[in-house]
2 protein chains.
Amino acid sequence: MQKTKRQQKIMSLVHARRIGTQQELTALLERAGFVATQSSVSRDLEELGVVKHNGHYTLPRATEGAAARGLLGLDPAGDCLVVAKCEPGLASAVAVAIDRAGIEEIVGTVAGEDTIFIAVPERKAQRAVIKKVLELFG
Amino acid sequence: MQKTKRQQKIMSLVHARRIGTQQELTALLERAGFVATQSSVSRDLEELGVVKHNGHYTLPRATEGAAARGLLGLDPAGDCLVVAKCEPGLASAVAVAIDRAGIEEIVGTVAGEDTIFIAVPERKAQRAVIKKVLELFG
DNA sequence: GCCCGTTATGCAGCAAACTTGCATAACGGG
DNA sequence: CCCGTTATGCAAGTTTGCTGCATAACGGGC
């Protein structure tokens with residue numbers, strides 16, 4: 001099974017260059033010896049949590065603006081959770097900001113010391129929420 | 001798949017009575033509606049970490065050690081959550097210990113008064129996390 | 001050492017889950 | 001409304017997991 005290695009390659013490619021389309025990424029993968037279709041690439045990006053931002057794919061890493069406000073990272077978990085990592089003690093403040101944004105896909109949030117659990121209805125909403133929260137803190 | 005339920009039954013049986021052999025346990029299981037061979041029971045005991053001590057099977061020291069440090073139980077919930085029950089007031093301390101362990105499958109944790117939610121990426125990771133946390137507190 | 005009761009394990013068969021490509025639907029900018 | 005791009009239902013092929021059978025390995029008692 002080459003899925004794992006292909007995804008690793010995708011991560012390094014996404015990190016190294018500005019990739020605008022899945023077709024482009026598919027071609028780069030093929031040049032690296034990983035033959036796959038756009039379907040698979042789409043699913044890989046989904047699993048890896050890579051999002052398209054400003055016209056190119058990028059790791060869902062919190063921006064400087066977000067870090068300045070306590071948000072360090074966002075990760076999907078299962079189908080219905082998004083986990084936000086925050087600087088110690090700031091999770092509640094970040095959660096309040098997220099709650100106030102009134103993002104429709106969010107069912108509810110729970111904040112601990114440095115972590116927030118954000119409940120969403122289903123997988124599709126995870127990416128939307130990650131994107132919107134990043135925008136909120138960008 | 002009845003493996004999980006069978007193992008739960010094994011745990012309750014081991015907790016409730018003095019069971020001296022796997023044959024005996026197999027018979028008790030069958031009486032409870034779980035038909036399985038000694039092979040499977042052997043593998044179950046291995047997975048559950050049940051050991052033979054003083055001539056009968058007993059729950060591993062790991063659990064006792066864990067209780068001494070505030071952790072009372074671990075249960076999967078849905079596909080992406082593991083719920084840890086703790087002694088009142090100790091959830092945060094237990095959560096800190098879990099966080100510090102740096103278990104790779106864990107996406108994030110949120111601690112309440114006596115309960116911790118542990119987010120994992122998917123179902124497969126639940127078992128791994130439960131096992132690793134138990135080892136941590138053993 | 002030799003039995004014999006007990007436990008562990010290699011192997012094969014079956015079932016469930018995963019991965020993938022194809023075709024096509026859904027989305028979104030212009 | 002188009003068209004480039006991305007997501008997804010479906011089916012085929014593959015992998016992984018669970019199980020029982022047969023049997024090997026272990027361990028206490030003699």
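A, B, ... follow the sequence lines: proteins, then strands. Residue 1 opens every chain.
Listed pair Ser42(A) / dT6(D) fails the phosphate criterion, with no side-chain N or O lying under 4.0 Å from OP1 or OP2. Look at Tyr57(A) and you won't find any side-chain N or O under 4.0 angstrom from OP1 or OP2 of dT5(D). At the phosphate of dG21(C), neither OP1 nor OP2 sits under 4.0 Å from any side-chain N or O atom of Gln38(A). Contact annotation: Gln23(A) does not reach the phosphate of dG4(D) (side-chain N/O to OP1 or OP2, under 4.0 Å). Here Arg6(B) reaches the OP1 or OP2 of dT19(D): one of its side-chain N or O atoms lies under 4.0 Å away.
The two residues Cys86(B) and Ile116(B) have their closest heavy-atom pair at SG-CD1, 3.8 Å.
In this structure, dC27(C) and dG4(D) make a Watson-Crick or G-U wobble pair, each of the two defining distances being under 3.5 angstrom.
You'll find that the side chain of Lys3(B) is closest to dT19(D), out of dT19(D), dG21(C), dT7(C). Proximity note for Gln22(A) (side chain, C-beta onward) versus dA7(D), dT6(C), dG21(C): the nearest is dA7(D).
The structure places CG of Asp44(B) at 8.5 Å from CG of Leu25(B), a figure rounded to the nearest 0.5 Å.
With salt bridges taken as basic N to acidic carboxylate O contacts below 4.0 Å, one links Lys3(B) and Glu47(B).
In this model, no side-chain donor or acceptor of Arg43(B) finds a partner on the base of dG17(D) within 3.5 Å. Side-chain atoms of Ser39(A) and base atoms of dA23(C) include a donor and an acceptor less than 3.5 Å apart.
Nucleotide dG17(D) holds its P atom 14 Å from the CD atom of Gln7(B), rounded to whole Å. Between the C1' atom of dT19(D) and the CG atom of Leu29(B) lies a distance of 14 Å, rounded to the nearest Å. Spacing between atom CD of Glu47(B) and atom C1' of dT19(D) amounts to 12 Å, rounded to whole angstrom units. Per the geometry, CG belonging to Asp44(A) stands 13 Å off C1' belonging to dA7(D), to the nearest Å. Here dG27(D) presents its P atom at 12 Å from NZ of Lys52(B), a figure rounded to the nearest Å. Here the C1' atom of nucleotide dT6(C) and the CD1 atom of Ile19(B) are 15 Å apart, to the nearest Å.
No side-chain heavy atom of Glu87(B) sits under 4.5 Å from any side-chain heavy atom of Val94(B). Using a 4.5 Å heavy-atom threshold, the side chains of Tyr57(B) and Ile10(B) count as separate.
In this structure, Glu46(B) and Thr37(A) both approach DNA chain C, and ranking their closest nucleotides by distance from the 5' end singles out Glu46(B).
Across all strands, Gly55(B) comes closer than 4.0 Å to no nucleic acid atom at all (heavy-atom distances).
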